[in-house]
Each structure stands twice: as C-alpha cells, then as structure tokens.
Amino acid sequence: MTTHSLLAIDEALERVLATITPLPSEVVPLLAAHGRVLAETVRADADVPAFDRAAMDGIALRAADGAVGAELVQVGESAAGSPFSGTVLAGQCVRVMTGGVVPAGADAVVPVERIERLDGGRYRLLEAARPEQNVARQGSEVRAHAVVLQPGLTITGARAGVLATYGRDRVRVARRPIVAMVPTGNEIVPVEATPARGQVRDANRHALTGLLLPTGADVRQHPVATDEIAALTAALTLAWQDADLLVTSGGVSAGDYDCVPPALAALGATVHFHKIAIKPGKPLLFATREHAGRRQYAFGLPGNPVSSYVCCALFVLPAIAALQGQPAHWQTLTLPTAAPLPATGPRAEVLPATLVDIAGRTHAHLQNFTSSADLTRFSQGDWLALRPPHATAIGAGEPVVLLASPRP
Ligand code: AMP
Ligand code: MG
C-alpha cells in the first residue's frame, strides 16, 4: 500500500466511533463511583441552601435597623445545626455562626469584625448593614428539581460532592469496559526477568495499562502470546471471551511473524482498517466481532512502544469513552511553538511536548524527533502534540496543536 492511500487519522477515529454501541449501565454506591461515568440525569432533591444561611460569623438583624453606630439587643443565638426559633424584631439581633440559619425577621448578617460588643448583651454597628448582606437565601444556589449533573460526565471529586449534596448514596454509571491486555512477541519477557540476548522486557503492558486505567477501564492482564498463529488464536480466544475490548501489542506489521491479523480472522473478526497515516503507529489495526449477543472490539497496536502508546492514546481511549457514553473526539488546545518545526510528510505526526514560558506566554516545546522505539525519550514529554500531514515548516511562535488529554 502506498503511503498516500493510507487512511487519515481523523477518518480512522470516525470509523472506530461509528462501530461503538455504549455499554449498559449499573447502579453503584457513591463511594464506589469515583472516576466512573454518570449514566443518568441528576436533579436536586431539595433547594440549596435548604434554608436562609449565614455566610459569616456575626449578628443577624433587620437591615432597616442597621445604621452606623446603631445599638442592638441580642435575643438569641443561631449556631450551625441549632437554629434560633423566634423572630428578630426592631432593635434586636441574634448571634449567628457561619452556616447557621438566618432567623425569621432578619435580612442581613453583619460580620463580627464590624461590630463592637457592649455590656448587657448589646452590640454596636461599626458599619452600616446592607439588605441581604451575607445571607445566602434558600434555593439561591440551586432550586429543587433543577438538573445538576448530565449523563456522560466523569464523576470527579466535585461531582461526587454534588451527588452527596442531593442525597444520592447510589448512582447509575456506565459499566466499566473490560479490556483484555495481550502483548505478543517471542522475544518479550516479563518485567522481573533479566532478558537474554535478543529479548526485551514487556514495557507495553505497563505503558498501556497506565494509559487505560484512569479511563475507568477494567484492564485484565493476560500472558504474553507467542508469534505462532495457532497459539495466538488460542490466546486471543481466551482473552477476548469476556472482554469488551481486546488490546494486543506487536505482531501486526508485515513481518513473517506478524500473526495478529490471521488470528483475528480465525476468531471471526471484521477488520475495519489496518494501517493508517500516522507516525509513529502506522500498522494499527481495528476490528470488531459480534459474539454471544454483543459487539466486541479489538485494537491490534504496533509493537514499538511509542507507536503502541500513541495509537492507544488516539484511538483506544476515545473508544473507551464512547463505550461509556462520553464525548469521544479528540480535545485539543493550540499553543505557539517554542522553536521552529520542520515540514511533515504524508502522515500525521505525534510528538511529545513540554510547556515552557517565554516572555509570560505559554509555548509548546516539541521533541523534534522521536524514534518509535524510544519510550524513554518520549516519556520526557508531558503532552502529545499532533501535527497534520503535509504541513509546511513553521517558525517559532506559530501555532501547534496539543491533545488536551491524555498526557504521556
Ligand atoms: P513488532 O510490531 O511485533 O514487530 O514489534 C516491533 C518492536 O517492538 C520490536 O522491536 C519488539 O521487540 C518491540 N516490542 C514489541 N512488543 C513489545 C513490548 N510488549 N514491550 C516492549 N517492546 C515491544
Ligand atoms: Mg513482534
């Protein structure tokens, strides 16, 4: 296949996303929902604040009584959780604490720093009170029944707090996509091994797992598979059985021992594309199959560590997002390049980048050359930069595109 007939990367992503059917949802306890993807619309069960709430420690009074120098008689106290049950009348005030209920009759809270305590339970105002000052009215943040969270949102810490605010001790989330991790290669040995000559430690399993776990994927580890069609087919049969997504690394180029395509064919998979216009990562393969009443997905990632990483970031992560009902297109940000960049060839290029400050403005510093094998150098970047195919050389200060997530 000639390079210019290779599939463009955005078209490849469209093809992946077009095949995706979101996974069913399940209900989990709130404490188990962190990092999961919301699969329901959440509404407020009550007003927030649920009562008129004091925003400061001080005294609650009628703003109409609140001229500078006015003296007020304290008739009670409203601490957080222990409201004052009476009504504040003309010339009266109630001590209130932050988070306490502003009592009936009062419409302002003057903070403790702005009052002077006198004898006989009296206070003098050092500053005029303004109506509504330091009073968060019932429902002023959120009204009961209002939509507070939409499906497809990742449950971050703040959103877990929102769910708790509205009493959601159980929440409906997308099922975690099950990913079967199957590195391949006769030369690949586990991390704890001392490689013999010609052997290589299994970096990809760990690099890819690190990329996958934060997405909510349930990554299941399988042994390294060998470069032999029958053995690989048997290994993939087992691994794909219960997994939504099969992720292999290696064995997908045009070498004599590249057995992933025939093994997937033996499993009844339909290949949607094989080889795309990207550097690194050209050999990427994507396939699906209908099995036991559901659709399953397979990514044959290249073996070279940088290639497999880049392909996982650009294609597997969006697939996992889409499976969980999330927006899945690449999110990018554009920054000026810190240094000139050469023209690109017929393939899109993905390069590691770091952010640098030049004269108060954030610039992207791209690692100009990366070998698809050199994960060590690649790992020094904090971001992935994406350069289009057939780009002309650009000078410092001209725009470059970074993937907003993930970071290498
Ligand atoms: P392949 O795509 O199988 O031809 O592999 C390309 C290159 O990536 C070879 O140099 C492999 O040794 C290397 N490689 C393949 N799988 C892994 C892995 N799991 N960890 C580290 N390097 C790998
Ligand atoms: Mg191999």
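Start at 1 and go down the list; that is how both ligands and their atoms are numbered. Residue numbers count from 1 along this sequence.
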Hey, does Gly185 sit under 4.0 Å from ligand 1 if you only count heavy atoms?
no
Hey, is ligand 1 close enough to Gly303 that some N/O pair sits below 3.5 Å?
yes
Within a strict 4.5 Å, meaning less than it, do heavy atoms of the Val252 and Asp258 side chains meet?
no
Which donor-acceptor pairs under 3.5 Å do side chains of residues 351-364 form with protein atoms, sequence neighbours excluded?
{"residue": "Asp357", "atom": "OD1", "partner": "Gly360", "partner atom": "N", "Å": "3.0"}
{"residue": "His363", "atom": "ND1", "partner": "Arg361", "partner atom": "O", "Å": "2.9"}

Does Gly255 come within less than 4.0 angstrom of ligand 1, counting non-hydrogen atoms of the residue?
no
What class does the angle between the rings of Phe299 and Phe286 fall in, given that below 30° is parallel, 30 to 60° is tilted and above 60° is perpendicular?
tilted
For Gly251, the atoms of ligand 1 under 4.0 Å from one of its heavy atoms are 1 (P), 2 (O), 3 (O)
Ala203 versus ligand 1: do any nitrogen or oxygen atoms come within less than 3.5 Å of each other?
yes
Using heavy-atom distances only, which candidate in Asp258, Val224, Val191 approaches atom 4 (O) of ligand 1 most closely?
Asp258
Give the contacting part of Pro305 toward ligand 1: side chain, backbone, both or neither, where contact means a heavy-atom distance below 4.0 Å.
side chain
Could you walk me through whether Arg137 and Glu132 pass salt bridge (charged side-chain N to carboxylate O under 4.0 Å, His left out), step by step?
CA-CA 8 Å; Arg137 288 289 182 191; Glu132 301 305 311; 2.8 Å; yes
I'd like to know if the side chain of Arg168 reaches the main chain of Arg170, judged simply by a donor and an acceptor atom lying under 3.5 Å from each other, with no hydrogens or angles considered.
yes
Within 4.0 Å of some non-hydrogen atom of Gly250, the atoms of ligand 1 are 2 (O), 3 (O)
Relative to the heavy atoms of Arg201, which atoms of ligand 1 are at a distance of less than 4.0 Å?
20 (N), 21 (C)
Checking Asn134 side chain against Ala54 main chain: does a donor-acceptor pair fall under 3.5 Å?
no
Region of Ser249 engaging ligand 1 - heavy atom pairs below 4.0 Å
side chain
Write out the residue and atom name of the closest protein heavy atom to atom 19 (N) of ligand 1, then the distance separating them to 0.1 Å.
Asp202 OD1, 2.9 Å
Any idea which protein heavy atom is nearest atom 11 (C) of ligand 1, and the distance to it?
Glu187 OE2, 3.0 Å
Can you list, pair by pair, the side-chain donor-acceptor contacts under 3.5 Å of residues 121-131, counting residues two or more places apart and other chains?
{"residue": "Arg122", "atom": "NH2", "partner": "Glu71", "partner atom": "OE1", "Å": "3.3"}
{"residue": "Tyr123", "atom": "OH", "partner": "Gln74", "partner atom": "OE1", "Å": "3.3"}
{"residue": "Arg124", "atom": "NH1", "partner": "Glu116", "partner atom": "OE1", "Å": "3.1"}
{"residue": "Arg124", "atom": "NH2", "partner": "Glu71", "partner atom": "OE2", "Å": "3.3"}
{"residue": "Glu127", "atom": "OE1", "partner": "Arg114", "partner atom": "NE", "Å": "2.9"}

Could you say whether the N/O atoms of Arg205 and ligand 1 ever approach to under 3.5 Å?
no
For atom 10 (O) of ligand 1, which protein heavy atom lies nearest, and how many Å away is it?
Asn304 OD1, 4.3 Å
Gln326 vs Thr154, test: side-chain hydrogen bond (donor to acceptor under 3.5 Å, both in side chains). Steps then yes/no.
CA-CA 8 Å; Gln326 296 198 288; Thr154 297; 2.8 Å; yes
Can you measure from NE2 (His274) to CG (Leu264) and round to the nearest 0.5 angstrom?
9.5 Å
